[in-house]
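As structure tokens, the structure follows; a few thoughts come after it.
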Amino acid sequence: MSAQDLHALLTADGTQIGLTTVYRALRDLEATGGVDVVRDEVGERLYRSRAGDEHRHYLICRSCGRSRPVDSEVIEEWAERITAQTGFAAVEHTVELTGVCTACQPATDERGNPPRPWDSGHTAHRDRPPRAAPPEGDRPLGTRPGRRHRTS
């Protein structure tokens with residue numbers, strides 16, 4: 001969910017709060033580990049409540065925006081090793097993992113080849129019924145299908 005989306009939800013419920021206060025609160029939550037941050041394709045910061053006290057990375061579908069946390073122990077160890085080797089302090093990292101989830105992958109023919117749009121009877125995506133929205137928590141709040149996100 002973006003800061004603007006959160007602000008809109010709060011004010012729609014009758015809460016009187018300024019957008020600057022929302023940004024400040026989200027920045028504080030990020031600093032204390034209360035939220036994870038992903039970025040969309042234009043770099044906007046989107047916030048998700050962190051379930052626990054560890055930093056997480058996500059694999060995000062480029063088609064529908066669905067995301068799932070991934071094991072990132074190797075990444076964290078690598079970042080710690082680079083920090084120790086270089087003598088840098090307060091090192092932060094951004095890792096972006098994107099792909100196409102199974103629900104968004106095109107159907108395949110009997111040989112495992114994706115359908116070609118020029119073949120007669122091609123119906124992948126065009127005639128497929130709309131997918132149900134992923135369960136809450138599978139994608140950052142406030143994201144829309146088709147948006148890319150970057151992890152922080």
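As the structure is a computational prediction, the values presented were derived from the model and not from experiment. Residues take their numbers from the sequence shown, with the count starting at 1. In what follows, every heavy atom counts, from backbone to side chain, and hydrogens, waters and symmetry copies are set aside.
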**Request:** Hey, could you give me the OG1/CG distance between Thr21 and Leu10, rounded to the nearest 0.5 Å?
**Result:** 10.5 Å

**Complete:** Sorted by chain and residue number, the side-chain contact (heavy atoms from CB on, under 4.5 Å) partners of Glu80 (sequence neighbours excluded) come out as none

**Item:** Under the side-chain contact (heavy atoms from CB on, under 4.5 Å) test, residues paired with Glu73 that sit two or more places apart
**Value:** Asp71, Glu77

**Message:** Return the OG1 to CZ distance between Thr98 and Arg62, rounded to the nearest 0.5 Å.
**Reply:** 4.0 Å

**Message:** For a quick test of reading the model, state the closest non-hydrogen atom pair linking Val37 to Arg45 and the distance between them.
**Reply:** CG2-NH2, 3.7 Å

**Steps toward side chain to side chain contact (heavy atoms under 4.5 Å, CB included) verdict (Leu26, Leu6)** = CA-CA 10 Å; Leu26 289 170; Leu6 180 57; 4.1 Å; yes

**Step-by-step side chain to side chain contact (heavy atoms under 4.5 Å, CB included) determination, His57 to His93** = CA-CA 11 Å; His57 293 281; His93 63 273; 3.1 Å; yes

**Request:** Check whether any side-chain N or O of Thr86 sits under 3.5 Å from a backbone N or O of Phe88 as a donor-acceptor pair, and report yes or no.
**Result:** yes

**Request:** Report the residues that fulfil side-chain contact (heavy atoms from CB on, under 4.5 Å) with Thr20, sequence neighbours left out, ordered by chain and then residue number.
**Result:** Arg24

**Prompt:** Is there a chain of hydrophobic side chains (I, L, V, M, F, W, Y, each step under 4.5 Å between heavy atoms) that links Leu29 to Leu9?
**Reply:** yes

**Item:** Thr102 vs Gln105, side chain to side chain contact (heavy atoms under 4.5 Å, CB included): CA-CA, chis, key distance, verdict
**Value:** CA-CA 5 Å; Thr102 55; Gln105 293 173 18; 4.1 Å; yes

**Asked** When rounded to the nearest 0.5 angstrom, what distance separates CD1 in Ile60 from CZ in Arg66?
**Response** 12.5 Å

**Message:** Which heavy atom of Leu19 sits nearest to which heavy atom of Ala3, and what is that distance?
**Reply:** CD1-O, 3.9 Å

**Asked** Between Gln4 and Tyr23, is a side chain to side chain contact (heavy atoms under 4.5 Å, CB included) present by the stated rule, with each step listed?
**Response** CA-CA 9 Å; Gln4 294 88 352; Tyr23 273 109; 2.6 Å; yes

